[in-house]
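The structure appears right after this line, and notes come after that.
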Amino acid sequence: MRVLIDACVLFPTVMREVVLGVAAQGLFEPRWSDRILEEWARATPKLGDGAEAVARGEIALLSVRFPKAIVPVAPHVEQRLWLSDENDIHVLASAIAGSCDAILTINAKDFPKHVLAEEGLARLDPDGFLYSLWLDHPAQVQAAADAVLAEARRLSVDDWTMRSLMKKARLPRLGKALD
């Protein structure tokens, strides 16, 4: 399954790391565009000085980790599409150009299911998507989440539990399942 990952899923670190950890387990093929990655990088300065540089470094590493994930720009596709938020049309166009099966996004209101269905796409929310993958592949999803939890504990003064970390990352169903 090919899944285009929206910037709103890539920007929060824990959510991104769980999603990409599951992708690294081979449970789906991640896709994104240069513009989506740029949106992620430009959203990070609100985290403080140096955050954008860190994000750009992480983006560079993604190119190595997932070399087939970049979807080329498809302006001819973008021109024929309409969404209520014109700033999201490029996401839909990238999903179409990348022959994706779904768009993984938190932004449900700007990606109406009926519009996506016309293009042969589904809209997935990260928590539901990861929970569904956990139901079918519990060991792989657990391994990805365990790695993220271990890194969060290493980097933080907080002693995170799986449930609390996933809840903070807006993945409560997954956190409850893994707890």
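Every value quoted in this text rests on a predicted model; they were computed, and no experiment measured them. If you read the sequence from its start, that first residue is 1, and numbering goes on from there.
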Just grab all the side chain to side chain donor-acceptor pair (under 3.5 Å) pairs involving residues 21-41, residues at least two apart or on different chains.
R2-E29, E29-R31, E38-R42, E38-R56, E39-H90

Quick test of your reading: applying side chain to side chain donor-acceptor pair (under 3.5 Å), list the pairs with at least one residue in residues 115-130, sequence neighbours left out, ordered by first then second residue.
R80-E119

Set of residues satisfying salt bridge (Lys or Arg N to Asp or Glu O under 4.0 Å) with respect to [X], sequence neighbours excluded:
{"X": "R170", "value": "none"}
{"X": "D146", "value": "none"}
{"X": "D49", "value": "none"}

Between the side chain of S156 and the main-chain N/O of R153, is any donor-acceptor distance below 3.5 Å?
no

Residue pair [X] / [Y]: nearest heavy atoms and the distance that separates them:
{"X": "M15", "Y": "A169", "answer": "CE-O, 3.1 Å"}
{"X": "C8", "Y": "T105", "answer": "SG-OG1, 3.3 Å"}
{"X": "A55", "Y": "A41", "answer": "CB-CA, 4.2 Å"}
{"X": "L165", "Y": "V14", "answer": "CD1-CG2, 3.8 Å"}
{"X": "T44", "Y": "E52", "answer": "OG1-CA, 3.1 Å"}
{"X": "V3", "Y": "C100", "answer": "C-SG, 4.3 Å"}

So, taking the atom named [atom1] in [X] and the one named [atom2] in [Y], what distance separates them when rounded to the nearest 0.5 Å?
{"X": "K167", "Y": "D179", "atom1": "NZ", "atom2": "CG", "answer": "12.0 Å"}
{"X": "S63", "Y": "L37", "atom1": "OG", "atom2": "CG", "answer": "7.0 Å"}
{"X": "I5", "Y": "L62", "atom1": "CD1", "atom2": "CG", "answer": "8.5 Å"}
{"X": "L149", "Y": "M166", "atom1": "CG", "atom2": "CE", "answer": "6.5 Å"}
{"X": "L20", "Y": "L61", "atom1": "CG", "atom2": "CG", "answer": "11.5 Å"}
{"X": "L124", "Y": "I103", "atom1": "CG", "atom2": "CD1", "answer": "9.5 Å"}

For a side-chain contact (heavy atoms from CB on, under 4.5 Å) with V141, tell me which candidate from V18, L135, D136, L133 qualifies.
L133

Does some side-chain heavy atom of [Y] sit less than 4.5 Å from a side-chain heavy atom of [X]?
{"X": "W82", "Y": "V115", "result": "no"}
{"X": "K176", "Y": "M162", "result": "no"}
{"X": "L104", "Y": "L4", "result": "no"}

Begin from the C-alpha positions of I36 and V71 and carry the test side-chain contact (heavy atoms from CB on, under 4.5 Å) through to its verdict.
CA-CA 10 Å; I36 289 170; V71 175; over 6 Å; no

Does a side chain donor of either D88 or N107 reach within less than 3.5 Å of an acceptor in the other side chain?
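A pair is found: one side chain offers a donor N or O, the other an acceptor, under 3.5 Å apart.
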
Taking it one step at a time, do F111 and L121 satisfy side-chain contact (heavy atoms from CB on, under 4.5 Å)?
CA-CA 10 Å; F111 294 98; L121 292 162; over 6 Å; no

Test side-chain contact (heavy atoms from CB on, under 4.5 Å) applied to R16 and E58, step by step:
CA-CA 11 Å; R16 174 184 67 249; E58 290 172 348; 2.9 Å; yes

Please determine whether residues V54 and L10 belong to a single hydrophobic cluster, defined as Ile, Leu, Val, Met, Phe, Trp and Tyr linked transitively by side-chain heavy-atom distances below 4.5 Å.
no

Trace of the side-chain contact (heavy atoms from CB on, under 4.5 Å) decision for I96 with L81:
CA-CA 10 Å; I96 294 166; L81 299 172; 3.9 Å; yes

Could you give all pairs that pass the ring pair (Phe, Tyr, Trp, His ring centres under 6.0 Å) test and reach residues 134-160, with sequence neighbours left out?
Y131-W134

